[in-house]
Amino acid sequence: MHFDIFTLFPAMFGDVFADSIILRAQEAGHVSIAIHNIRDYAEGKHRITDDAPYGGGGGMVMKPEPIFRAVETVLGLKEGEAPPGPIILLSPQGRLFTQAVAWELAQHERLALICGRYEGVDERVRQFLATDEISIGDYVLSGGEIAAMVIVDAVTRLLPGVLGDPAATKQDSHAAGLLEHPHYTRPAEYRGHAVPEVLLSGHHAEVARWRRRESLRRTLQRRPDLLARAELSPQDEVFLRELGWQPAG
Ligand code: ADE
């Protein structure tokens, strides 16, 4: 997977990709990340990248030309040709980023991420350059940079070979539409609080059953909205009903 990130603030990406899983994923050749400064593609002595909005009002708008030029140059886009992968505009108006979207994006060889700033980007970027628009949540950030970092992180850990244990991503919170069960490690008792007995039993089937139930319980308590879309077995449903769950509809 290759990520191209287009931003006015390349320094923001400084160390975030230089540690831990993303660093190792780059070193092992699973991902490469290129940060492109949109300003380098702006014209004139002052390399201006923003301008006042037509129609008046406050704030500044990112100009279209430097963004088109940056993306078209880096991706080698030719008129009439399909781009080598999705061109994603990060904005609070996009479709919501979820684990399902992360899996979807992980299927591509190359992703371009355009970080919006100021009051917004010229609408023509959205209409005629971007092929997708993504928001990481219903709140407004000062720009798309942090959203791009979130997407690179969430997608990278799904790529084959990146995590030591490939099954881990399948057990993640949200992977199966549920929150994950609690985790414990040594010591078996800490400040008088004991680890649930069943986890010490060595009985794999019992452990699996306990984990499934705690995952269901936690999801019901914290994110009951997820249950409507989760894959539930008849046993899951019986257990949830015992906890007072009432399926919608
Ligand atoms: N830019 C500003 N807010 C954003 C959000 N919530 N998601 C993605 N990009 C953004």
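In this text, all values refer to a predicted model and were calculated from it rather than measured experimentally. In what follows, residues are counted from 1 in the order of the sequence shown. We count ligands from 1, going down the list as the structure has it; atoms in each ligand are counted the same way.
Checked for salt-bridge contact, Glu27 and Arg24 miss the test: no charged N lies under 4.0 Å from a carboxylate O. A salt bridge does not link Glu242 with Arg213: every distance from a Lys NZ or Arg NE/NH1/NH2 to an Asp or Glu carboxylate oxygen is 4.0 Å or more. Remark: Glu214 does not engage Arg211 in a salt bridge, criterion side-chain N to carboxylate O under 4.0 Å.
Partners of Arg222 under the side-chain contact (heavy atoms from CB on, under 4.5 Å) rule, at least two apart in sequence or in another chain, are Leu179, Arg218.
For ligand 1, the 4.0 Å heavy-atom shell takes in Leu90, Ser91, Pro92, Ile134, Ser135, Ile136, Gly137, Tyr139, Val140, Leu141, Gly143, Gly144, Ala147, ordered by chain and residue number.
With a 4.5 Å cut-off on side-chain heavy atoms, Arg110 and Leu75 count as touching.
Closest approach of Met1 to Leu105, counting heavy atoms only: CE-O, 3.4 Å.
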